[in-house]
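So the structure is just underneath, and the comments pick up after that.
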2 protein chains.
Amino acid sequence: MKITIQDVAKKAEVSVATVSRVLNGNYPVKAETKEKVQKVIKELNFIPNIQARELTRQKSTAIGVVLPSINNMFFPEVVTSIETALKAKGYSLILCCSNNDREEEVRCINDLLARNVAGVIVLDPNTSNINSDFYKSIAKTVPIVFINGHASVENISSVSNDESIGAEIALKYLINNNHKNILFIRGENSASYDIKEKKYISMLTNSNHYHPSNVINIGKGNGSETVDNTIVSVTNFLTKNRKITAIFACNDLMAVGAINACKRLGLNVPEDISVIGFDNTELSKIVEPKLTTIDQNMSLLGENAAELLLEKITYNNEFSKKIILNNKLVIRETVNQQGD
Amino acid sequence: MKITIQDVAKKAEVSVATVSRVLNGNYPVKAETKEKVQKVIKELNFIPNIQARELTRQKSTAIGVVLPSINNMFFPEVVTSIETALKAKGYSLILCCSNNDREEEVRCINDLLARNVAGVIVLDPNTSNINSDFYKSIAKTVPIVFINGHASVENISSVSNDESIGAEIALKYLINNNHKNILFIRGENSASYDIKEKKYISMLTNSNHYHPSNVINIGKGNGSETVDNTIVSVTNFLTKNRKITAIFACNDLMAVGAINACKRLGLNVPEDISVIGFDNTELSKIVEPKLTTIDQNMSLLGENAAELLLEKITYNNEFSKKIILNNKLVIRETVNQQGD
DNA sequence: CTGAAAGCGCTTACAG
DNA sequence: CTGAAAGCGCTTACAG
């Protein structure tokens, strides 16, 4: 039922080779012939089959993107910028969601490879997959770029943020504003939380204000769960400990949870207590007061990942590069500039 | 460099036909042969090329999804449920973003067709594309499902919400709680806002409380822009008009903007003023107080769209169906139950 | 149970 | 400037 190049050739009374040439414009075709063929293409509403083209040309214009979840304020922004950058170069995106599951991630990649993608971008790759040989063997045959994957794997390019510096900037900002007793809020095991906690411990130890009990872990959860879990944990914490003047949250959702907890306890942010988040998701600009946070450069992550992948594709997967972006502080309304 | 079925056949000392049979398990193969082939497949890490398979089989296991933007609290949730439903049936998703642009939408669809998708799901299809003959002609050759597209086009299935009923439920809830003077907030031209405004006008006219000046349009914008624009408009409005006891917002972002404006003016929500949103995005569960809103059934929209598409694919694009979901009220914390 | 061969829709040397 | 033919990686009647 679908129109093929054969149908066009027949109707235009030329060979399929000629139709192919006018389609691709890569060989001389007599003007008259060209017009005739183009007319038929229009008439028949012919769309060339890219699958067949790619099979012949032995190259692909599809890119795989695997991400832990779409349903999150962080990933959609990154995906948007990947899509924009790649579409401009004629690539399409095949999306696969791993649901934070290690094996599903492997399945996604295998499916993408089977679909003959020219390369794949993985957001937040699973640590155990990185450490196993999975990525090492895959990376030999197809260009791979990690976003926020601490890629010790050779032959994989990556873009990430220096979250350690980001945490340092955030904590310095609090400390410079005279905050000494700072609550640290994190979630369950994640390399990213570990990095921030490490920085927190070293800085607070330096200032003689490190107390292990000022680190709380709100457990796991997504979206509004994170907020709710944080509200519970922070409420518990603050009813017992009022020495805290500032809160460092490992992401914006936790920061919003902390702010909400304060409100319920009748504490004003930032007058009574300051809060700083991490990520600079859209949410940080939506809540009231607007959240002071650390910018995770989401669109830069996406753009750079797209570029690195294109580079790998162009140079036959031969060179790898790591790009580390510096996080920067976004001052809005939730940190009291005088401290206490 | 890539391993093909040829390589496997050679190493296993069988024909490619036999390899294909053990791959697909659709023909009898001697146990011994099967094992030998499977062993080689493992050794060589062979992944069959789906593009080639689909070219031969003349069918596709890729589905196109086109959406106006990924960067939005509504679409990612819908896409997630589409992905989940479709992955379970062995399909993959090719994503294309139209950036709210009519022509880009057409380009997306054409690209997807060229990539030989088995069908396409369009979120919020552009009205002018629906009215032109574009979709009509496309729908003849490939299964198409609209989400929230008021599809008058024959041969296209669709899932949508009855937003008119949704608006009615929301307004009735306000009115039953004794709210009479209700502010209506909408954005720039969209069929969806028009439907809600129409309902608003008819219901408020009925109760003799319709005043055209109580309808405000905050212009266009996405994400935090919407919130900011709403804050400005509502602040302006409320400084001049304090008779309002409730606000109906056409989406959750506008509702949050309205709440933020109230806070800045020293008005408590819901004690001084009630706010109801629309959509039930994750945001409505994140803000404080939690937003009372109308559920847009985002995951149901996705699931149903996936099902309708699968149905069309199975039955050769021969049957179409429209599903209209009923919105329901989600009572949380922003509407004062006594009114005023 | 297995292999040889045709064919899916395209592109591209090759020959003219 | 144009056509015939090989080939991309697979599947599936057909024959044995």
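Fair warning: this is a prediction, and the values are worked out from it, not measured in the lab. So you know, we letter chains A, B, ... as the sequences are listed, proteins then strands, and number each from 1.
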- Note on the structure: Taken to the nearest whole Å, CG/A:L55 to P/D:dT11 is 12 Å
- Item | Rounded C1' spacing from C:dG16 to C:dT12 in Å | 16 Å
- Does the distance from a Lys or Arg side-chain N to an Asp or Glu carboxylate O, for B:R102 and B:E105, drop under 4.0 Å? no
- Step through the shown structure and confirm whether more than 12 heavy atoms of other residues, nucleotides or ligands are within 6.0 Å of CD on B:E43. yes
- Please give, in whole Å, the distance from D:dG3 C1' to A:Q6 CD? 13 Å
- Item | Backbone N/O of A:T281 and side chain of A:Q296: donor-acceptor pair under 3.5 Å | no
- Is there a donor-acceptor contact under 3.5 Å linking the side chains of B:N49 and B:K2? no
- Message: If the cut-off is 4.0 Å, is A:Q58 near the phosphate of D:dG9, judged by side-chain N/O to OP1 or OP2?
- Response: yes
- Item | Minimum-distance nucleotide (side-chain atoms of A:R53 versus D:dT12, C:dG9, C:dT11) | C:dT11
- Within the pair A:T4 and C:dG9, is there a side-chain N or O less than 4.0 Å away from OP1 or OP2? no
- In whole angstroms, the gap separating C1' of D:dG9 from CZ of B:R57 amounts to 13 Å
- Message: So, does A:T33 get its side chain near the phosphate of D:dT2, meaning an N or O under 4.0 Å from OP1 or OP2?
- Response: yes
- Message: Less than 3.5 Å apart, any donor N or O on the side chain of B:S60 or B:R115 sitting next to an acceptor on the other?
- Response: no
- Query: Heavy-atom count around A:K36 NZ within 6.0 Å, excluding the residue itself: above 12?
  - Reply: yes
- Query: What is the distance from CG of B:N24 to P of D:dT12, rounded to the nearest Å?
  - Reply: 6 Å
- Answer with yes or no whether the side chains of B:S15 and B:T18 bring together a donor and an acceptor at under 3.5 Å. yes
- Note on the structure: Closest of D:dT2, D:dC10, C:dC1 to the A:V29 side chain is D:dT2
Is there any protein nitrogen or oxygen under 3.5 Å from a nitrogen or oxygen in nucleotides 13-16 of chain D, and what are the pairs?
| unit_1 | atom_1 | unit_2 | atom_2 | d |
| --- | --- | --- | --- | --- |
| D:dA13 | N6 | B:R21 | NH2 | 3.0 |

- Under a 3.5 Å cut-off for both distances, is C:dT2 Watson-Crick or wobble paired, and to whom? D:dA15
- Task: Nearest whole angstrom, please: distance from the P of D:dG3 to the NZ of A:K36.
- Result: 8 Å
- Task: Return no unless some side-chain N or O of A:T18 is found under 4.0 Å from OP1 or OP2 of D:dC1.
- Result: no
- Position toward the 5' end of DNA chain D (nearest nucleotide), A:S15 or B:N26: A:S15
- Would one find a side-chain N or O of A:S20 under 4.0 angstrom from OP1 or OP2 of C:dT11? yes
- Query: Will you find, in the side chains of B:S320 and B:E154, an N or O donor that is under 3.5 Å from an N or O acceptor?
  - Reply: no
- For atom NZ of A:K10 and atom P of C:dG9, their distance in whole Å: 11 Å
- Expressed in angstrom and rounded to an integer, what is the separation of B:R115 atom CZ from C:dC10 atom P? 14 Å
- Note on the structure: Per nearest nucleotide of DNA chain C, the residue lying toward the 5' end, B:V14 or A:I50, is B:V14
- B:K30 NZ to C:dC1 P, in whole Å, measures 9 Å
